[in-house]
Amino acid sequence: MTVAVEPRDDGVAVVTLDRPERHNAIDLATAAELASVWRDLRRDESVRAVVLTGAGERAFCTGIDRSVAVPQPPSPYAMDDPLRDIGPKANDLWKPVVAAVGGMACGGAFYLLGEAEFIVADETATFFDPHTSYGMVSAYEAVYMAQRMPAGEVARMALMGTAERVSARRAYETGLVSEVVPRGEAVAAAVRAAAVIASHPTEAVQGTVRAVWAAKEAALTQALARAPQLIALGNRPPDAQAALFAARTPGFRTR
C-alpha cells in the first residue's frame, strides 16, 4: 500500500502519500489507490473532513513517478493521463479536504492541491512546476493553479520550470497557501482546522464545498478540456524528455 489512511475520533481522516523514498511520486498503483481511497471516504459516515499530506520531510508530492510508462494513442486528439482521476473532486468526494504541505510540491502534485479546499504549508515547503524544463506542456497543473493564484504568478511558476521555486511565504502572499506554520507542524495545523470543520453539520459543510467549487467549475471544465490537445501538440517525445531530465542540474533559486 502506498496510500495510508488514518481515521481519528474527531471525524477527521489523515490520508498520507507513503512513498518517501520516491519523494511521494505517484506511480500507477498509487494513482489507483488514491481514487479508491476517495471513493471509500464518500461512504464512510464517520469521516467528515480529510487532511491530505505526504510521508517524510523532503516532499509532499513530486507528481508522476518518472519511471512510469504510459503508452499513448497515436492521435493528437486523444491522451491518457494517469493522474487525471487522483483527486477527491474527480472521484465525487465533497467532504472538505485540507492539504498539509512540507518540502517539495511540484508538477502533478497540483492535481491534488487543485482539488483541496485550502492548503497549510510549513516553512520548508516549496512549490514549482518542472514541465517546461523537460520539454513538456504545463496544462492541467497551470489550469488548477490559475484557480488559486493570479495569472501572472501562475505563468511565472510554470514558465520558469526548475529554475525557480516558490517559497511557502511567497505562496501565502499569492493566495496559493492559506497558512504558513513552523517546520513539521503542517499536519497538526491542518488537522486542527479540519476538526473544526468536522464539528459542523456535515450536510451544510458539503453543500458549501460544492458551492465554492461551482463558482469556478464551468471555467475549470472548459480549460481542462483543452489540456490533452495542448499536451499532445507541445510535448517533446518521451525519449527527449528523458534526456532533459537526466541532464538536469540542481541549481535553482527560491523566491
Side-chain angles (χ1 to χ4, degrees), residues 1-26 29-61 85-105 109-125 148 168 171-172 176-214:
M1 299 291 287
T2 58
V3 181
V5 181
E6 178 193 356
R8 294 165 46 91
D9 293 337
D10 53 8
V12 177
V14 178
V15 175
T16 304
L17 297 170
D18 195 12
R19 303 186 76 213
E21 75 286 354
R22 298 291 293 175
H23 293 161
N24 299 315
I26 299 171
T30 305
E33 280 188 54
L34 276 167
S36 178
V37 164
W38 301 131
R39 290 194 296 269
D40 289 345
L41 289 174
R42 289 177 64 204
R43 296 174 173 82
D44 189 341
E45 294 186 9
S46 70
V47 175
R48 299 182 296 280
V50 180
V51 170
L52 173 64
T53 192
E57 298 181 352
R58 299 184 65 186
F60 165 78
C61 175
D85 295 324
I86 64 171
K89 307 301 185 295
N91 289 280
D92 203 34
L93 178 72
W94 298 101
K95 297 177 182 182
V97 176
V98 181
V101 177
M104 295 181 290
F110 295 129
Y111 286 70
L112 293 169
L113 297 180
E115 292 196 2
E117 270 50 71
F118 56 90
I119 302 166
V120 176
D122 81 18
E123 60 193 6
T124 71
R148 296 186 176 276
Y172 174 79
L176 173 60
V177 166
S178 69
E179 182 181 5
V180 178
V181 297
R183 181 188 186 106
E185 295 186 16
V187 172
V191 166
R192 286 194 296 271
V196 171
I197 297 169
S199 72
H200 301 327
T202 188
E203 293 84 357
V205 167
Q206 290 188 43
T208 300
V209 169
R210 194 67 183 86
V212 172
W213 189 258

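Keep in mind that the numbers below use all heavy atoms, side chains included, and drop hydrogens, waters and symmetry copies.
Of the possible polar contacts, one joining the Asn24 side chain to the Ala55 backbone as a donor-acceptor pair under 3.5 Å is found.
For Ala31, the side-chain contact (heavy atoms from CB on, under 4.5 Å) criterion is met by Ile26, Ile86, not counting sequence neighbours. Partners of Ser178 by side-chain hydrogen bond (donor to acceptor under 3.5 Å, both in side chains), not counting sequence neighbours: none found. Partners of Arg58 according to the side-chain contact (heavy atoms from CB on, under 4.5 Å) rule, which considers only residues two or more places apart in sequence or in another chain, are His23. In terms of the side-chain hydrogen bond (donor to acceptor under 3.5 Å, both in side chains) criterion, Glu185 has no residue partners (sequence neighbours excluded). Listed by chain and number, the residues in a salt bridge (Lys or Arg N to Asp or Glu O under 4.0 Å) with Arg183 are Glu57 (sequence neighbours excluded). A search for side-chain hydrogen bond (donor to acceptor under 3.5 Å, both in side chains) contacts involving Asp40 returns nothing, not counting sequence neighbours. Under the side-chain hydrogen bond (donor to acceptor under 3.5 Å, both in side chains) criterion, Thr30 pairs with Thr2, Asp27, sequence neighbours left out.
Evaluation of the salt bridge (charged side-chain N to carboxylate O under 4.0 Å, His left out) test over residues 204-214, restricted to residues two or more places apart or in two chains, returns Arg210-Glu217. For residues 47-56, the set of pairs meeting the side chain to side chain donor-acceptor pair (under 3.5 Å) definition, not counting sequence neighbours, is empty.
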Side-chain donor-acceptor pairs of residues 188-207 under 3.5 Å, sequence neighbours excluded:
from, atom 1, to, atom 2, distance (Å)
Ser199, OG, Val196, O, 2.5
Thr202, OG1, Gln206, NE2, 3.1

Could you list the donor-acceptor pairs under 3.5 angstrom formed by side chains in residues 113-122, with sequence neighbours left out?
from, atom 1, to, atom 2, distance (Å)
Glu115, OE1, Lys89, N, 2.7
Glu115, OE1, Ala90, N, 3.0
Glu115, OE2, Tyr144, OH, 3.1
Glu117, OE1, Lys89, NZ, 3.2
Glu117, OE1, Val97, N, 2.7
Glu117, OE2, Lys89, NZ, 2.9
Asp122, OD1, Thr124, N, 2.8
Asp122, OD1, Thr124, OG1, 2.5
Asp122, OD1, Ala125, N, 3.4
Asp122, OD2, Gly184, N, 2.9

Side-chain atoms of residues 7-18: list all donor-acceptor pairs with protein atoms under 3.5 Å, sequence neighbours left out, distances to 0.1 Å.
from, atom 1, to, atom 2, distance (Å)
Arg8, NE, Asp10, OD1, 3.2
Arg8, NE, Asp10, OD2, 3.3
Arg8, NH2, Asp10, OD2, 2.8
Asp10, OD1, Val12, N, 3.2

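To the nearest 0.5 Å, atoms CG (Leu93) and CG (Asp44) are separated by 10.5 Å.
A heavy-atom distance below 4.5 Å is not found between the side chains of Asp85 and Trp38.
Environment of CD in Glu45: sparse, with no more than 12 heavy atoms of neighbouring residues, nucleotides or ligands closer than 6.0 Å.
Across all non-hydrogen atoms, the minimal contact from Phe60 to Val101 is CB-CG1, 3.8 Å.
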